[in-house]
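Reading through the structure tokens given below for one structure.
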There are 2 protein chains.
Amino acid sequence: MEKQDLLFFCTLCREKPAAEIEKLQCTISHTVKNFKRDEYIAYQGDKVTRLVMLIRGKVRTEIVSSSGLTLPMNDISAPFPLAAAFLFADDNSFPVDVIALEECEVIYISKEAVEKQMAKCAGFMRGFMDFNANQMQNISERLKIFAQKGIKAKVAYYLLSREKKGAFELDRSVASLAGYIGVERPSLSRAISEMVRDGIITFHSGKGTIINFDAMEALLIRGA
Amino acid sequence: MEKQDLLFFCTLCREKPAAEIEKLQCTISHTVKNFKRDEYIAYQGDKVTRLVMLIRGKVRTEIVSSSGLTLPMNDISAPFPLAAAFLFADDNSFPVDVIALEECEVIYISKEAVEKQMAKCAGFMRGFMDFNANQMQNISERLKIFAQKGIKAKVAYYLLSREKKGAFELDRSVASLAGYIGVERPSLSRAISEMVRDGIITFHSGKGTIINFDAMEALLIRGA
DNA sequence: TTTGATTGGTAACATTTGTTACGGATTATA
DNA sequence: TATAATCCGTAACAAATGTTACCAATCAAA
């Protein structure tokens, strides 16, 4: 259970000891529901009127089109709020179908209860805001990578944003990095090889260094 | 002044008449600052410790690299909060430089004041949440477009998400749509032409209809 | 050790996209 | 109306990326 569980109960008011919390009116009203494998937890287009927290299990989200074809998006493991960000949006409907991949448990908290709780409990509010802010940051970071034109530019952006004194370490496999930046694995592999060949970086088994910073910058400007 | 000004003063508590608001302790402490054209309002990496609201003028944001080259991102017109979403993030630093394009006025509200105000005034909180939620929705919609592989897939996704009974209307020029989905204008133009040629859509001066839904779906699945 | 699975580098070729340049159409401006 | 500016369709070519396939290296399980 990470920061996300801030969203569950006011146990999240970490600022105070658990014992003290019990005394506060910090319990949030909610309902619980269980889902079996392959059941639909939410349908695309459903109004998001409640905060939907996945507290046990794993789900798959997919876009569904009018003709019935589906397009898998992400898998999400508990604990995680589903579409928390959209709870307050104007067009607050689920952007995807949500399907249980295994036995799942979900709790629902009404929007009103969430608002009340936020007003009542600063810790809860902070937890909610933090979660949304971090998610926003992740997504906007990814968008910036996608906005870079050319694989090398994407790679350069990715590496520059996490190098320390020229050294970097991939926190994922090359294959998953390819997925993350939206290109094919062999293409990414080729791009890295060429950057090594051109003396811009070194790279071996997940670790490397940036040799030529100027060349990296140049890649950002124009996909070369 | 749109919804954004919800974030300014508690005049935003629209739920109550203005006269009544005066009586509440709904004034939020803030400081004001003016900037001249070309002045820096914020530097990339600056900690976001206060809510920064642009209330007059226009700014440009750009990514700056260590070697000094810049990469322009977006232009933003008042009224608009700058990096509101990052106020609560863990790594809460400005992702970009912010430069005044013209005479600008900015107000600063401390994070603490924002938190207090949210606790005190439900309207303010709702305004803040709404704004962030909507921004999140926009950005994630854009990310989904970028995640589509192939120009036609991007176009199909874009059109399918806004067609009504098969009819669609672009709310922007072809050139700006090209920028939005991250491709070159001639490439987008060609893609549209081919889709028209193949009898998938009609298109003329910003308006069109989807003729072959199945083909549109197929484009989403595999960039064809 | 052997086996099988995963990871990732590479190559040849197909396909898509970018680039550059041109011209027609439309709109704003003098 | 003339003039310039913008928008956008088109084409030919260059460049980047995807596709498919193969093999080597690594690692875990038998």
Side-chain angles (χ1 to χ4, degrees), chain A residues 71-72 75 142 145-159 168-209 215-216 218-224, chain B residues 71-72 75 142 145-159 168-209 215-216 218-224:
Chain A
L71 191 58
D75 289 356
R142 189 149 182 226
I145 289 179
F146 273 117
Q148 295 292 329
K149 286 188 187 175
I151 296 182
K152 290 181 190 173
K154 293 181 211 280
V155 172
Y157 186 92
Y158 184 84
L159 294 182
F168 60 84
E169 188 162 349
L170 297 189
D171 52 343
R172 37 163 35 103
S173 69
V174 171
S176 100
L177 177 58
Y180 181 73
I181 68 177
V183 301
E184 295 302 319
R185 184 191 62 79
S187 300
L188 173 58
S189 196
R190 168 173 48 203
I192 293 176
S193 296
E194 288 175 9
M195 290 169 79
V196 170
R197 181 200 63 195
D198 296 343
I200 302 176
I201 60 172
T202 65
F203 182 72
H204 185 65
S205 62
K207 299 180 184 180
T209 55
M216 290 288 272
L219 288 173
L220 282 186
I221 302 301
R222 192 70 301 287
Chain B
L71 193 57
D75 289 357
R142 188 146 183 230
I145 290 179
F146 272 116
Q148 294 292 329
K149 285 187 188 176
I151 296 182
K152 289 181 190 173
K154 292 179 211 281
V155 172
Y157 187 92
Y158 184 84
L159 295 181
F168 62 83
E169 187 162 349
L170 297 189
D171 51 344
R172 36 158 42 99
S173 69
V174 171
S176 99
L177 177 59
Y180 182 72
I181 68 178
V183 302
E184 296 301 320
R185 183 191 61 80
S187 300
L188 173 58
S189 196
R190 167 174 49 202
I192 294 176
S193 295
E194 288 175 9
M195 289 168 80
V196 170
R197 181 200 64 194
D198 297 342
I200 302 176
I201 60 172
T202 65
F203 183 71
H204 186 65
S205 61
K207 298 180 185 180
T209 55
M216 289 287 272
L219 287 173
L220 281 187
I221 301 301
R222 191 69 300 285

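Throughout, protein chains are lettered first and strands after them, A, B, ... in sequence-line order, and every chain is numbered starting at 1. Treat the numbers as computed from the prediction; the structure is a model and nothing was measured.
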Quiz item: To the nearest angstrom, how far is B/L188 atom CG from C/dT17 atom P?
Solution: 11 Å
Self-check item: Side-chain donor or acceptor of B/K154 paired with backbone N/O of B/Q148 under 3.5 Å
Solution: yes
Quiz item: Please give, in whole Å, the distance from D/dT17 C1' to B/Q148 CD?
Solution: 17 Å
Quiz item: For B/L219 and C/dT15, what is the distance between atoms CG and C1' respectively, to the nearest whole Å?
Solution: 15 Å
Exercise. Take the protein atom NZ of B/K149 and the nucleotide atom C1' of C/dA14, then report the distance between them rounded to whole Å.
Key: 16 Å
Quiz item: Name the one of A/L188, A/V183, A/V155, A/D171 that satisfies side chain to side chain contact (heavy atoms under 4.5 Å, CB included) with A/L177?
Solution: A/L188
Self-check item: B/M195 CE - D/dC8 P separation (whole Å)
Solution: 17 Å
Report all interatomic pairs (protein N or O, nucleotide N or O of nucleotides 4-13 of chain C) with separations under 3.5 Å.
unit_1	atom_1	unit_2	atom_2	d
C/dG8	OP1	A/V174	N	3.3
C/dG8	OP2	A/V174	N	3.2
C/dG8	OP2	A/A175	N	3.3
C/dG9	OP2	A/S189	OG	3.2
C/dG9	N7	A/R185	NH1	3.0
C/dG9	O6	A/R185	NH2	3.1
C/dT10	OP2	A/S193	OG	2.5

Self-check item: Spacing of B/K207 atom NZ relative to D/dC8 atom P, expressed in whole Å
Solution: 15 Å
Practice problem: Using atom CD of B/E184 as one end and atom C1' of D/dA16 as the other, report the distance to the nearest whole Å. | Solution: 13 Å
Quiz item: For A/R190 and A/S193, what are the C-alpha separation, side-chain angles and deciding distance, and is it a side chain to side chain contact (heavy atoms under 4.5 Å, CB included)?
Solution: CA-CA 5 Å; A/R190 168 173 48 203; A/S193 296; 5.6 Å; no
Quiz item: Does the side chain to side chain contact (heavy atoms under 4.5 Å, CB included) test come out yes or no for B/I200 and B/K152, once each step is laid out?
Solution: CA-CA 11 Å; B/I200 302 176; B/K152 289 181 190 173; over 6 Å; no
Practice problem: Could you check A/V196 against A/I201 for side chain to side chain contact (heavy atoms under 4.5 Å, CB included), going step by step and ending with a plain yes or no? | Solution: CA-CA 5 Å; A/V196 170; A/I201 60 172; 4.0 Å; yes
Self-check item: Whether A/Y158 and A/Y180 hold their rings parallel, tilted or perpendicular, with breakpoints at 30° and 60°
Solution: perpendicular
Self-check item: Nearest-angstrom distance from the residue atom NZ of A/K152 to C1' of C/dT17
Solution: 16 Å
